[in-house]
Amino acid sequence: MESVTALESVSKESKKPIFMSLNGKAHSEEAKNLQNDLVGIVHRKLAKKYKPTKKLTNAVGAMLADLLRAEAMDPPRRCFRTKDAVTFNRQGDEVPGFPTIGYHPFIDAFNGLLATGYIDIIPGERPSAKEGTTAPATELWATPKLIDLAALYGVFLADYERHFISKPRPSQVARPVILKAGSKRKGWDKVSGASMRLDKADLRVMALSAQVQRLNAYFATVNIGNAKHEGFARIFNLGDTTGAGLDKGGRLYSIGGGYQSMDKKKRPFITLNGSRTVEIDISGSHLTILHALAGKPLPVGDPYAGVGFNRDVIKIWVAQTLGHDKFHRGWSPDNNKRYRKDDSSRSLGKDYPIKAVHEAVCAAFPLIVGWEDSKIRWGELQYIESEALLDTLTKLAFEYNIPALPVHDSIIVAVEHHEIAKRVFSECFESKIGCLPTLKSKQLQ
């Protein structure tokens, strides 16, 4: 039997909560038995006079599906959900075989799970569906108590896909374009910015939404095997500091995390329309774009190789630096944790003093010396990158009928489409940035 200890929740340390969509339900007998037991526990705790209703059962099951899905991600995540009543049981959400979750059953399930210690929470708020107001938006996650109870019923995180199923992928999503405020930093920790209101009648918002929805309609018919995907949303950033210009960030995200948040060890088994897949990645995407914008394009080749240190360490330094507006005096705790993952005795700071790495990178890329005074920041770099990715996906889908799943600065395509996809990716990148990218292909299966 799988170790319960190995499945303990660490979600409270996660920094990127996923939306609690309430689109899943228990599928296996083990998961259904777990759900029914939880319903009884919750009902008794709420001291309701009537018997447990089907609506409460559905709400508990949908929450359970989301909570354990978040825990099964790598790294484990929290969920978040607004308690804005108008976001529940919406018209158009109905899918045969999948219940829609109403506001009151959700609140009962939420309160019962919290009171019995099966979830933990951090209260918060986000913009409400009502103009100019906010609504409670709590972050919540499964406690070790819930993980242990699930294990008693034979429901293990490593086998999540067998126990829960989700609604079929939609051809349209409610919010194809999202604008977020800038993130706030507390030391090394980053608190994600809240969603901001967009004018759906704005011509640019309408055009961007149409692009995303066109891709959603296309992917609704694509058979994505061994991975979850509930539709795309394009997320822009820094809306509170730059206005709603929608020109910072702009990456396509799989709603709820999906295949982009799955365990990297499982990603090699993704299939597209039954075919094995390959991932095509841009080497040093932001570094390449930065140099192109300065009129000093990098030569084709791995930009991280030959800098004087392990290429992965150079890659970490570049990502840490270009994601900030200052040079760091030390390695971030997250980067050090990743470095020690395979050997806890190692120390990134001791093995690779950051000052020495800094000097090596600046010697190899003199443009980096002036980074602190640069007018270009990560938001612009990511936006240009996202435009090249979006052009690539659109051209592959609608000119070649080739589905390509984006993973930020890479795409996943069927093996038989590898050469065409690589050529289109290179052409679209060059069209947007003005130089050829260095692409590398990694066999995923």
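Being a predicted model, the structure only gives us computed values, none of them experimental.
From Leu381, atom CG reaches atom OG of Ser386 across 11.0 Å, with rounding to the nearest 0.5 Å. Atom CD1 of residue Ile433 and atom CD of residue Glu387 lie 9.5 Å apart, to the nearest 0.5 angstrom. Atom-to-atom distance recorded for Leu64:CG and Leu113:CG is 8.0 Å, nearest 0.5 angstrom. Atom OG1 of Thr143 sits about 9.5 Å away from atom CG of Leu67, to the nearest 0.5 Å. Put simply, CG on Asn336 and CH2 on Trp331 are 9.5 Å apart, with the number rounded to the nearest 0.5 Å. If you take CG on Leu439 and CD1 on Ile411, they are separated by 8.0 Å, rounding to the nearest 0.5 Å.
Look at Asp66 and Arg69 and you find a salt bridge, because one of the NZ, NE, NH1 or NH2 atoms lies within 4.0 Å of a carboxylate O, short of that distance. Residues Glu419 and Arg423 are not paired through a salt bridge, judged by the lack of any N-O separation under 4.0 Å between the basic side chain and the carboxylate. For the pair Arg162 and Glu30, the salt-bridge criterion is met [side-chain N within less than 4.0 Å of a carboxylate O]. Taking the charged nitrogens against the carboxylate oxygens, Glu230 and Arg169 have no contact shorter than 4.0 Å, which rules out a salt bridge.
Proximity of a side-chain donor or acceptor of Arg77 to a complementary backbone N or O of Ile18 within less than 3.5 Å is not detected. Proximity of a side-chain donor or acceptor of Arg234 to a complementary backbone N or O of Val177 within less than 3.5 Å is not detected. Side-chain atoms of Ser171 never come within 3.5 Å of backbone atoms of Ala217 as a donor-acceptor pair (strictly under, hydrogens ignored). At least one donor-acceptor pair closer than 3.5 Å links the side chain of Gln260 to the backbone N or O of Leu252. Tyr304 places no side-chain N or O within donor-acceptor distance of the main-chain N or O of Asn310, the cut-off being under 3.5 Å. Formation of a donor-acceptor pair under 3.5 Å by the Gln320 side chain with backbone atoms of Gly330 is found in this model. A donor-acceptor pair under 3.5 Å links the side-chain atoms of Trp371 to the main chain of His324, judged by distance alone. At distances below 3.5 Å, not a single donor-acceptor pair connects side-chain atoms of Asp281 with backbone N or O atoms of Ser410. Remark: side-chain polar atoms of Lys25 are paired, donor with acceptor, to backbone N or O of Gly97 under 3.5 angstrom. Judged purely by atom type and a 3.5 angstrom limit, Tyr160 uses its side chain to pair as donor or acceptor with the backbone of Ala65.
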TODO: Using the side-chain contact (heavy atoms from CB on, under 4.5 Å) rule, take Val173 and Gln213 through it: C-alpha gap first, then chi angles, then the decisive distance, then the call.
DONE: CA-CA 7 Å; Val173 300; Gln213 297 290 40; 3.7 Å; yes
- [ ] Check the pair Arg204 / Asp199 against side-chain contact (heavy atoms from CB on, under 4.5 Å), numbers first and verdict last.
- [x] CA-CA 10 Å; Arg204 178 156 167 75; Asp199 179 4; over 6 Å; no
TODO: Check step by step if side-chain contact (heavy atoms from CB on, under 4.5 Å) holds for Met20 and Leu22.
DONE: CA-CA 6 Å; Met20 177 170 273; Leu22 303 176; 3.6 Å; yes
TODO: Before giving the answer on side-chain contact (heavy atoms from CB on, under 4.5 Å), spell out for Glu380 and Leu293 the whole-Å C-alpha distance, their side-chain angles and the decisive distance to 0.1 Å.
DONE: CA-CA 10 Å; Glu380 288 85 1; Leu293 292 176; 5.7 Å; no
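Residues Ile122 and Arg78 are in side-chain contact: their nearest non-hydrogen atoms beyond the backbone lie under 4.5 Å apart. A 4.5 Å side-chain heavy-atom check between Leu208 and Phe236 finds at least one atom pair inside the cut-off. In this structure the side chain of Pro437 never reaches within 4.5 angstrom of the side chain of Ser285, judged on heavy atoms. Considering only heavy atoms from C-beta on, Trp317 comes within 4.5 Å of Ile368 through its side chain. No side-chain heavy atom of Pro170 sits less than 4.5 Å from a side-chain heavy atom of Asn216. You'll find the side chain of Leu405 reaches within 4.5 Å of the side chain of Leu272, heavy atoms only. You'll find the side chain of Lys248 stays beyond 4.5 Å of the side chain of Tyr383, heavy atoms only. Contact annotation: the side chain of Leu298 never approaches that of Cys435 to less than 4.5 Å [non-hydrogen atoms, C-beta and beyond].
Across every non-hydrogen atom of Ala364 and Val307, the tightest pair is CB-CG1, 4.0 Å. The two residues His286 and Trp378 come nearest to each other via the heavy atoms CE1-O, 4.5 Å. The two residues Ile121 and Thr138 make their nearest non-hydrogen contact at CB-CG2, 3.5 Å. Residues Asp302 and Thr438 approach most closely at N-CG2, 4.0 Å, considering heavy atoms. Of all heavy-atom pairs spanning Phe98 and Pro168, the tightest one is CE1-CD, 3.9 Å. Minimum heavy-atom separation, Leu238 to Gly379: CD1-CA, 4.5 Å.
Partner of Val278 under the side-chain contact (heavy atoms from CB on, under 4.5 Å) criterion, chosen from His417, His418, Lys442: His418. The residue from Leu322, Ile316, Thr321 that alone fulfils the side-chain contact (heavy atoms from CB on, under 4.5 Å) condition with Val318 is Leu322.
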Residues 389-399 side chain polar contacts: donor-acceptor under 3.5 Å, at least two apart:
unit_1: Thr392; atom_1: OG1; unit_2: Ala388; atom_2: O; d: 2.8
unit_1: Thr394; atom_1: OG1; unit_2: Leu390; atom_2: O; d: 2.9

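A 6.0 Å sphere centred on NE2 of His408 holds more than 12 heavy atoms belonging to other residues, nucleotides or ligands.
In this view, Phe232 and Phe219, His229 satisfy the ring pair (Phe, Tyr, Trp, His ring centres under 6.0 Å) rule, not counting sequence neighbours.
In this structure, Phe106 and Phe110 have tilted ring planes: the angle between them lies in the 30° to 60° band.
Identified under the side chain to side chain donor-acceptor pair (under 3.5 Å) test for residues 351-365, with sequence neighbours left out: Tyr339-Asp351.
No side-chain N or O of Asn273 forms a donor-acceptor pair with one of Ser275 less than 3.5 Å apart.
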